[in-house]
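One structure is given here, and the rest of the page talks about it.
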Amino acid sequence: MNRLFSFIFITAVLWLLWLVLAGSLNAQEMMTGAVVAVLVTLLRNDGPCLLGGPEILHPRRILYAILYIPYMMRAIILSNLDVAGRILKPQVAINPGIVKVKTRLKSPVGRMVLANSITLTPGTLAVDITGDTMYIHWVDVESRDAEAASRKIAAGFEKYLEVIFG
Amino acid sequence: MTMPDTPLNLIGAVLTLFGSMFLFLGALGIIRMPDLYNKMQAGTKATTLGNILTLMGLGLLMPGWLPKIVLIILFVLITNPISSHALARAAHKAGLPLAKGSVLDQLREDEDAIAAFEAETQASSGKGVDG
Amino acid sequence: MVDLILKAALVFAGMGVALATFQLLRGPDAPNRAVALDVLTLITMPLLVGLAVHAGRIIYLDVALVYAVLAFLGVVALARYYDRGI
């Protein structure tokens with residue numbers, strides 16, 4: 001069941017990618033895309049899909065994944081303006097350091113997306129990760145305590161990612 | 001190619017302008033910031049937003065191209081944090097120091113603690129630790 | 001009007017390219033140059049898309065996409081090299 005699902009899921013994603021890259025919807029393109037997508041999926045090694053089984057298509061998860069996009073955009077724009085302000089000050093206004101942050105996410109993919117989100121918002125940059133501890137380079141260190149830093153940096157993203165990746 | 005002044009085209013052009021300002025700010029950031037990690041904060045992240053805005057603006061100028069342009073934006077969003085993370089991690093492992101004004105480095109502290117612990121266990125057991 | 005705004009955008013992006021190139025040449029060490037290279041490619045990529053819009057040819061978007069892929073791989077390869085050698 002799980003393997004059948006990951007086969008269909010990966011083939012569908014590859015086929016969609018092909019159609020976007022080809023940029024047309026005529027029958028020839030669609031058939032070539034389908035054949036190539038199935039072949040590539042057959043060639044990949046036989047493990048389960050990285051994202052998980054059929055439960056990833058649960059409506060609640062999809063809803064949160066869609067809500068995550070505007071949240072992320074808002075975070076990126078706000079922090080970009082913040083960093084832009086720091087760059088343009090006559091004396092660059094920074095107070096940098098590397099702080100420890102604990103995440104409560106369990107799934108590896110969820111942790112990866114969290115680290116990427118933290119890196120995408122300027123002002124914070126994931127330098128290293130071991131287990132549930134992340135080391136974040138922070139342009140303006142507001143607290144040295146791991147608890148408080150986690151609340152400040154990661155809690156907003158975790159609220160969504162917890163639901164999306166389980 | 002000259003573009004007609006339709007509202008959609010104007011919105012697209014203004015978005016492109018804002019995006020290119022962020023591209024410029026990113027490049028200015030890598031010149032002004034004191035060390036590698038801060039350069040990365042300013043450089044690669046401001047250029048990500050610049051990329052998104054510029055590409056969206058250009059996409060609005062050419063509405064038929066939007067699917068492909070959104071694909072490029074997604075690609076940038078996925079790969080950009082990975083490359084800057086890889087670079088920062090490698091630099092930190094290679095021992096590149098933080099700028100002088102930095103307040104703390106808990107990663108270096110923890111690494112030193114682990115190294116000290118390993119040296120201690122190695123000395124007390126009398127044998128090398130595997131791996 | 002649209003053309004004028006786009007020209008202004010081109011000027012900003014061009015100044016960005018100049019600054020990034022300056023930083024790339026200045027160094028002072030290899031990781032700093034790698035960051036400058038990363039920024040330089042990130043600025044050049046939208047310029048390539050702009051070129052595609054200017055020429056009105058969608059096929060040029062593929063050039064920008066492949067450029068982004070190669071830039072990403074290049075920076076990751078550099079990072080691995082500093083980490084433990086290739």
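Keep in mind that what you see is a predicted model, and the values were worked out from it rather than measured. A note on names: the letters A, B, ... follow the listed sequences, proteins ahead of strands, and every chain is numbered from 1.
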**OP:** May I ask you to name which of Leu78(C), Leu10(C), Leu19(C), Leu73(C) has the most heavy-atom pairs under 4.5 Å with chain B?
**Re:** Leu19(C)
**OP:** Check step by step if side-chain contact (heavy atoms from CB on, under 4.5 Å) holds for Leu47(C) and Leu23(B).
**Re:** CA-CA 11 Å; Leu47(C) 281 176; Leu23(B) 292 178; over 6 Å; no
Original post:
Quick one: of Val17(C), Asp38(C), Thr21(C), who has the most non-hydrogen atom pairs under 4.5 Å with chain B?
Top reply: Asp38(C)
Original post:
Who wins among Gly26(B), Ala27(B), Gly29(B) for the most heavy-atom pairs under 4.5 Å with chain C?
Top reply: Ala27(B)
**OP:** Mind ranking Thr54(B), Leu71(B), Ile72(B) by heavy-atom pairs under 4.5 Å with chain C and telling me who comes out on top?
**Re:** Ile72(B)
Subject >> Side chain, backbone, both or neither of Val69(C) within contact of chain B (heavy atoms, under 4.5 Å) >> reply: both
**OP:** Take atom CZ of Phe18(B) as the centre, draw a 6.0 Å sphere, and report whether it contains more than 12 heavy atoms from other residues, nucleotides or ligands.
**Re:** no
**OP:** For Phe22(C) and Ile31(B), work out which heavy atoms get closest and say how close.
**Re:** CD2-CD1, 3.3 Å
Original post:
If you count heavy-atom pairs under 4.5 Å between each of Leu65(C), Val75(C), Leu61(C), Leu40(C) and chain B, which one has the most?
Top reply: Leu61(C)
Original post:
Between Asn80(B), Thr48(B), Val76(B), Thr6(B), which has the largest tally of heavy atom pairs under 4.5 Å with chain C?
Top reply: Asn80(B)
**OP:** Go through the atoms of Leu55(B) and report whether side chain, backbone, both or neither lie under 4.5 Å from a heavy atom of chain C.
**Re:** side chain
Original post:
Asn32(C) versus chain B, heavy atoms under 4.5 Å apart: side chain, backbone, both or neither?
Top reply: both
Original post:
For the residue pair Phe24(B) and Gly16(C), what are the closest heavy atoms and their distance?
Top reply: CD1-N, 3.9 Å
**OP:** Start with the C-alpha gap between Thr16(B) and Leu6(C), add the side-chain angles, then the distance that decides, and say whether side-chain contact (heavy atoms from CB on, under 4.5 Å) holds.
**Re:** CA-CA 7 Å; Thr16(B) 310; Leu6(C) 286 180; 4.1 Å; yes
Original post:
side-chain contact (heavy atoms from CB on, under 4.5 Å) between Val35(C) and Leu36(B): does it pass, once the steps are laid out?
Top reply: CA-CA 8 Å; Val35(C) 175; Leu36(B) 179 94; 3.4 Å; yes
Original post:
If every non-hydrogen atom of Leu58(B) is compared with every non-hydrogen atom of Pro46(C), which pair is closest and at what distance?
Top reply: CD1-O, 3.9 Å
**OP:** For each of His85(B), Met40(B), Met21(B), tally heavy-atom pairs with chain C at distances under 4.5 Å, and name the one with the top tally.
**Re:** Met21(B)
Subject >> Segment of Leu61(B) engaging chain C (4.5 angstrom heavy-atom cut-off) >> reply: side chain
**OP:** Measure the CG-OG distance between Leu42(C) and Ser84(B) for me, rounded to the nearest 0.5 Å.
**Re:** 9.5 Å
Original post:
Should we count CZ of Arg26(C) as having more than 12 external heavy atoms under 6.0 Å?
Top reply: yes
**OP:** Give the minimum heavy-atom separation between Ser20(B) and Ala13(C), together with the two atoms involved.
**Re:** CB-N, 4.2 Å
Subject >> Partner chain B: residue of Asp29(C), Val39(C), Ile58(C) with the largest heavy-atom pair count (under 4.5 Å) >> reply: Ile58(C)
Original post:
With a 4.5 Å heavy-atom cut-off, do Val76(C) and Thr79(B) have their side chains touching?
Top reply: no
Original post:
Is chain B contacted by the side chain of Ala52(C), its backbone, both, or neither, given a heavy-atom distance below 4.5 Å?
Top reply: both
**OP:** State, to 0.1 Å, how close Ala36(C) and Ile30(B) come at their nearest heavy-atom pair, and which atoms those are.
**Re:** CA-CD1, 4.0 Å
Original post:
Among Asn9(B), Thr47(B), Asn51(B), which residue forms the greatest number of heavy-atom pairs with chain C at distances under 4.5 Å?
Top reply: Asn51(B)
**OP:** Select one option (side chain, backbone, both, neither) describing which atoms of Leu28(B) are under 4.5 Å from chain C's heavy atoms.
**Re:** both
Original post:
Val11(C), Leu4(C), Ile5(C): which one forms the most heavy-atom pairs within less than 4.5 Å of chain B?
Top reply: Ile5(C)
Original post:
With a 4.5 Å limit on heavy-atom distance, are the side chains of Lys68(B) and Asp62(C) in contact?
Top reply: yes
Subject >> Residue among Ala90(B), Ala88(B), Ala91(B) with most heavy-atom pairs under 4.5 Å to chain C >> reply: Ala90(B)
